[in-house]
Amino acid sequence: MELSLKRKYLGIPYLIFLFIFVLLPLFVIFYYALTDGTGHFTLSNFGHFFTNSRAIGTLIYSMVIALITTAICLLLAYPTSYVLSRSGIKGGAAWLIIIVMPMWINFTLRLTALKEILSFIEGNLAFHPFLNTIIGMVYDFLPFMVLPIYNSIEKMDTALLEAAEDLGAGKREVFFKVMLPLSMPGIVSGITMVFLPAMTNYVVLDMLYNSTYIMGSLIGSYFSAFNWNDGAMVSAVLLVLIGLLTWLTGRVSDDADREGARL
Amino acid sequence: MNKKNILLPLLWLIFVVILLYLPIMVLIFYSFTDAAMIGQAGSFSLSNYVTLFTEEELRGILIGTFSLAVLVSLLSTFFGTIGAIGSFYSGKKLKFLYEISNQVPVVNADVVTGFSVCILLIVFFGMDKDTYIPLVIGQMVLCTPFVYLSVMPRLKQMDPKIYEAALDLGATPGQALRKVVLREVWPGVLSGFSTAIMLSLDDYFIATYTKPAVFDTISTYVVNATKGSQTEIKTALWALSTVIFLFIAVVVVIRNLTSGREER
């Protein structure tokens, strides 16, 4: 198998790239998070974070924003995806392109547009910082929720839905017991696409004049202060959270896949 | 399905599209006026566009952002493509290593990716930001995994026999790879490239943490500009949004037309 060896070697530069620039930074993050400015091992970076009520407040505030944003995106995206693939509307693919296209326009420019509109409607953005943040996040991330859900509904086997109907299930039952479980992988991947950015994308808050911090803002402010150790500590907290979320959603979509296979 | 059922879904879609497009459309409309604020009365004017293309600073940012996107995307496309091919022909364990590490930047928050690249290259290795190397590498970390992900399905779809056939017909492994495998995965390479371009143009966080202080991309510039109150720059950004909107619209349409043709 000399030939297949050759093809295999082709990937080595990328493997090295991944190792140095993707995996190594993760180790360096944990190294800085667990040391003080002079390189000595310490847990105090984490200690300060988890005993500081303001830091915990930031963590909770980010989660609240992310939860609300994700819920609203889901409520808007599911019917949209459903309508696109199941209602018999003509040109579903064209509609999908239209709905997903804003995803590719620079998000700071889209936020500029939103900011102008909101200032026009509200007079002063400072009156409703929380509401504006949610609107901004939903506006920014909605296409990322539509795409995976649409894909999962689109590739669903229609025969399963018809079979359920033939076997006497009502419309409601077909939806809740067949359709929704089958679209779970799409929902889960949509949630991961929205939840994490909503916890960390502090530009949305900055541009809409919400001066409250979310997790991302902490990294930004430690970066500006050249405080690498605390910045790394916040990144490490986020990394653990991301790892958990990925593991959890991986399990859910595995389960959903299995469930789908069983149905 | 009967006609009555289509009205409600159609209204819903129109509602969602209006939600997504209203701000952009209003901005595009006002970019052609001399109004300094949305809602202000103004008359038709192209002055925003004149500013956009003549103001030295803005022009530099546009050129800089697009050059960076092209450079990053070319490099990412190269690494992502050879990475996908190498991984596809690797054994199970090595393939798992590829897949897992490739997935890290995809699931990671951009803030964390940017900060971790900054910590590694600038703080740990002491690299100079002004060389642009951290910026290029940082954006490559963001873009390359998506190229890998768009090439991989093409490799899986490919008929493995054609590569063997090329060898039987006297092609060297290198030739077979270039003329057969690469040609088969080419649509994936192209779509990976355009994804990389768009990711690079959209990036704010990686750039903030790794760029030289004197260099600005569209994103970092816009975020800083909104903190200031220079009206002329602000309204020129409306014109920029319009231009980018049209650019993306054209790219998306072309991309979908070409991929549609291929499937047929």
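Below, chain A is the first sequence line, B the second, and so on; all start at residue 1. Below, all heavy atoms of this structure are taken into account, side chains as well, without hydrogens, waters or symmetry copies.
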Distance check, rounded to the nearest 0.5 Å: A:Y139 atom OH versus B:I24 atom CD1? 4.0 Å

Tell me, side chain or backbone of B:I244 under 4.5 Å from chain A's heavy atoms, or both, or neither? side chain

Would you mind checking which part of A:I98 comes under 4.5 Å of any heavy atom in chain B, side chain (CB onward), backbone (N, CA, C, O), both or neither? both

To the nearest 0.5 Å, what is the distance between OG on B:S241 and CG on A:N106? 8.0 Å

Taking all heavy atoms of A:S235 and all of B:F115, pick out the closest pair and write down the distance. OG-CD2, 3.2 Å

Is there a donor-acceptor contact under 3.5 Å from the side chain of B:D202 to the main chain of A:F107? yes

Is the shortest side-chain heavy-atom distance between A:P13 and B:F79 below 4.5 Å? yes

Which portion of B:A249 sits near chain A, non-hydrogen atoms under 4.5 angstrom: both

Within the structure provided, determine whether B:L97 and A:F19 are in side-chain contact (heavy-atom separation under 4.5 Å). no

Considering all heavy atoms, the nearest B:G91-A:K8 contact: N-CD, 4.3 Å

Note: vs chain A, highest number of non-hydrogen pairs under 4.5 angstrom among B:G86, B:G174, B:P23 is B:P23

Anything in residues 192-201 of chain A with a heavy-atom distance to chain B below 4.5 Å? Please list those residues in order. A:L196, A:T200, A:N201

Non-hydrogen atoms of chain A under 4.5 Å away: do they reach the side chain of B:F247, the backbone, both or neither? neither

Kindly indicate whether the side chain of B:V141, heavy atoms from C-beta on, has any atom under 4.5 Å from the side chain of A:F17. yes

The single option from A:L245, A:T249, A:I242 that satisfies side chain to side chain contact (heavy atoms under 4.5 Å, CB included) with B:V107 is A:I242

Contact part of B:L121 toward chain A, heavy-atom cut-off under 4.5 Å: side chain, backbone, both or neither? side chain

Test side-chain contact (heavy atoms from CB on, under 4.5 Å) applied to A:Y31 and B:I119, step by step: CA-CA 10 Å; A:Y31 170 76; B:I119 284 273; over 6 Å; no

Taking every non-hydrogen pair under 4.5 Å, which of A:I99, A:I117, A:L114, A:T80 racks up the most with chain B? A:T80

Rounded to the nearest 0.5 Å, what's the gap from CD1 on A:I105 to CG on B:L201? Could you check? 11.5 Å

side-chain contact (heavy atoms from CB on, under 4.5 Å) between A:E116 and B:L27: does it pass, once the steps are laid out? CA-CA 8 Å; A:E116 299 294 338; B:L27 209 67; 3.9 Å; yes

Interatomic spacing from CD1 in A:I12 to CG in B:L94 - rounded to 0.5 Å: 8.0 Å

Winner by heavy-atom pair count (cut-off under 4.5 Å) against chain B, out of A:A236, A:G216, A:P102: A:P102

Is B:Y148 close to chain A through its backbone or its side chain, or both, or neither, when contacts mean heavy atoms under 4.5 Å? side chain

What part of A:F21 gets closer than 4.5 Å to chain B, counting heavy atoms only: side chain, backbone, both or neither? both

So which part of B:M140 gets closer than 4.5 Å to some heavy atom of chain A, the side chain, the backbone, both or neither? both

Counting only heavy atoms closer than 4.5 Å, note whether A:W104 contacts chain B via side chain, backbone, both or neither. both

Pick one of side chain, backbone, both or neither for B:N102, based on which atoms fall under 4.5 Å of a heavy atom in chain A. both

B:T220 portion near chain A, given a 4.5 angstrom heavy-atom threshold: neither

If we define contacts as heavy-atom pairs under 4.5 Å, which of A:W228, A:Y32, A:F226 has the most with chain B? A:W228

Quick check on B:V17 against chain A: is it the side chain, the backbone, both or neither that has a heavy atom closer than 4.5 Å? side chain

B:Y209 portion near chain A, given a 4.5 angstrom heavy-atom threshold: both

Spatial distance of atom CZ (B:F245) from atom CG (A:L109) [nearest 0.5 Å]: 12.5 Å

Student check: side-chain heavy atoms of A:P25 and B:F124 closer than 4.5 Å: no

Among the listed options A:T112, A:L76, A:L238, A:L26, the residue most often paired with chain B at heavy-atom distances under 4.5 Å: A:L76

Rounded to the nearest 0.5 angstrom, the CZ-OH distance for A:F120 and B:Y30 is 6.0 Å

Mind checking whether B:Y204 and A:Y202 have parallel, tilted or perpendicular rings, split at 30° and 60°? perpendicular

Heavy-atom pairs under 4.5 Å with chain A - which of B:L19, B:I82, B:L22 has more of them than the others? B:I82

Could you tell me which non-hydrogen atom of A:F223 sits nearest to which non-hydrogen atom of B:C118, and how far apart they are? CE1-SG, 3.7 Å

Side-chain touch A:M101/B:L20, heavy atoms, less than 4.5 angstrom: no

Are A:V28 and B:V123 side-chain neighbours, meaning at least one heavy-atom pair lies under 4.5 Å? no

Interface residue of largest heavy-atom contact number with chain A, from B:T81, B:N108, B:I218, B:I85, under 4.5 Å: B:N108

